[in-house]
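Here the structure is laid out as structure tokens; the discussion comes afterwards.
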Amino acid sequence: EHLSNLLISMFGRCGALLDACAVLYRMPTPTVVSWTSLITCFVKNRHDMRAVQIFKDMLKVGVDPNGVTFLAVFNACANIGSLSEGRLIHVCLIEAGLQLDVAIETSLVNMYSQCNSLEEAFVVFNKMHLRNVVTWTSMIAVCARHGHNEEAILLFWHMQAESVEPNELTFTSVITACTSEHDFSCGRLIHILLMLNGLDMDIGIGTALITMYGKCGAMHDAVSVFSNLRSCNLISWTAMMTAYKELEQHEDCLQLYKQMHMKGCNPDIITFTIVLNACASLLAHFEGMHIHMSIAYFGLETDALVASALIDMYGKVGAFLEAYSLFNAVHQRDAVVWSAMISGCISKGDRREGLRLFHQMQKEGMEPD
RNA sequence: CCAUAACAGAGGUUC
């Protein structure tokens, strides 16, 4: 039956869920490992509701879950985001009377935070006797995601105090918290820690650092991190361009865009909006048109994000015909597309047209913000 | 030991 169990998880990896089920149903006496393998299959293929259902079937036929089963099923609850289901299975866990280990408790923490119950996540977290890097990182990331940045930063130092070694994920999460808090001194301190073990050249961490320094106005530091990066990808290029743009170094932003292009790295929606913003600030009509051509080449003209940046750029440089024709070509107009077009009219001095669009926007069911 | 926990980093208009 070890072979059958392996078969189940193998089918799961291939996405052949029906075959996985068939194997289990053909087994004379499926064990807890068989059931758990099947649940894991469904979770991996994002059929989380079904996974929970299978867990219940398993209980019904009298097979007792073990720790691994709970890991899988808490994962499913986390993906569904159903707090009531999660609590119910938490009760099952307690009733099962299993010896809790750090992995089970961490998956509980994660489940509660994914279900938006930071309080319950903390209750579990605070009760834990042993917390490893995954536990701490999970808690830090969750706090940052919920905007509890000070808490995330405090947790990081607490973790240091307990001599748990942070990893790449830990660092990116806590740096993100520093970014949102505009906490330059903490960010710099963490940067120093990173330089001690060479992780400051890691692309993910480096990108987070660039953004942190950019948001804190420390252009010099951002550039130095960028130039020390082990390698570059689209995200790190874009982060650096964003830093330049936000600190009003628009020429440098466009310069970097050209460099990226020369290195053969293709821009995406986010990159385009950033460089278009830079063009708008510089009133660089020609440069903007050039970028517009690239956007058309990639077929991204009617994307709402890109279109609003294009309309904004054309509006600011005074090219209203272009702005208008783009505006008319966008099918999914969100509030930002409308705002970009309306403020284009206003800055041109055409208040009447601006007002007309404002009313038309409401008529089309778009709420102004 | 046949199944085994966090999966992070760049985002547009106006303010």
Side-chain angles (χ1 to χ4, degrees), chain A residues 1-10 12-13 31-41 43-44 65-75 78 101-111 113-114 121 131-142 144-145 167-176 179 202-212 214-215 233-243 245-246 268-274 276-277 280 303-313 315-316 334-344 346-347 368-369:
Chain A
E1 65 280 0
H2 284 195
L3 219 59
S4 301
N5 294 339
L6 271 179
L7 207 55
I8 292 174
S9 57
M10 197 207 73
R13 275 182 243 282
T31 63
V32 58
V33 177
S34 325
W35 284 98
T36 303
S37 304
L38 192 64
I39 293 169
T40 306
C41 290
V43 177
K44 279 201 178 123
N66 65 15
V68 182
T69 320
F70 281 106
L71 289 182
V73 75
F74 282 137
N75 228 331
D101 65 12
V102 63
I104 297 176
E105 293 180 303
T106 302
S107 76
L108 256 174
V109 168
N110 184 49
M111 182 276 288
S113 38
Q114 298 278 52
R131 306 180 188 102
N132 65 15
V133 57
V134 178
T135 320
W136 284 102
T137 303
S138 186
M139 209 61 239
I140 291 168
V142 153
R145 212 178 299 140
N167 64 19
E168 288 89 338
L169 236 66
T170 326
F171 280 115
T172 50
S173 300
V174 70
I175 294 166
T176 306
T179 304
D202 175 89
I203 189 158
I205 292 174
T207 305
L209 282 172
I210 291 166
T211 305
M212 186 274 296
K215 288 279 192 295
N233 64 12
L234 178 61
I235 301 181
S236 53
W237 284 107
T238 309
M240 194 63 228
M241 285 182 228
T242 307
K245 187 211 84 172
E246 282 184 348
D268 74 350
I269 291 171
I270 299 178
T271 321
F272 280 131
T273 59
I274 304 295
L276 285 171
N277 287 169
D303 175 88
L305 192 66
V306 174
S308 53
L310 273 169
I311 292 166
D312 173 61
M313 184 274 294
K316 284 189 174 140
D334 63 11
V336 183
V337 174
W338 283 99
S339 309
M341 193 62 237
I342 291 169
S343 54
I346 307 280
S347 66
D369 59 2

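Chain letters run A, B, ... following the sequence lines, proteins first, then strands; residues in each count from 1.
- Shown here for C41(A) and S9(A), the closest heavy-atom pair between the two residues is SG-CA, 4.1 Å.
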- Determine, for nucleotides 10-15 of chain B in 5'-to-3' order, which nucleotides have protein heavy atoms under 4.0 Å from the base (write B), from only the sugar-phosphate (write S), or from neither (write -). BBBBS-
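- With sequence neighbours excluded, no residue forms a side-chain hydrogen bond (donor to acceptor under 3.5 Å, both in side chains) with E168(A).
- You'll find the side chain of S107(A) stays beyond 4.5 Å of the side chain of F70(A), heavy atoms only.
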- Which parts of nucleotides 1-7 of chain B does protein reach within less than 4.0 Å, heavy atoms only, written one letter per nucleotide 5' to 3' as B for base, S for sugar-phosphate only and - for none? -BBBBBS
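- Here the side chains of V33(A) and T36(A) are not in contact, with every heavy-atom distance at 4.5 Å or above.
- When all heavy atoms of A208(A) and T179(A) are compared, the pair lying nearest together is O-OG1, 4.2 Å.
- Of all the heavy atoms in S236(A) and T207(A), the pair that sits closest is CB-OG1, 3.4 Å.
- Rounding to the nearest 0.5 angstrom, the gap separating the CG atom in N75(A) from the CG atom in N110(A) is 7.0 Å.
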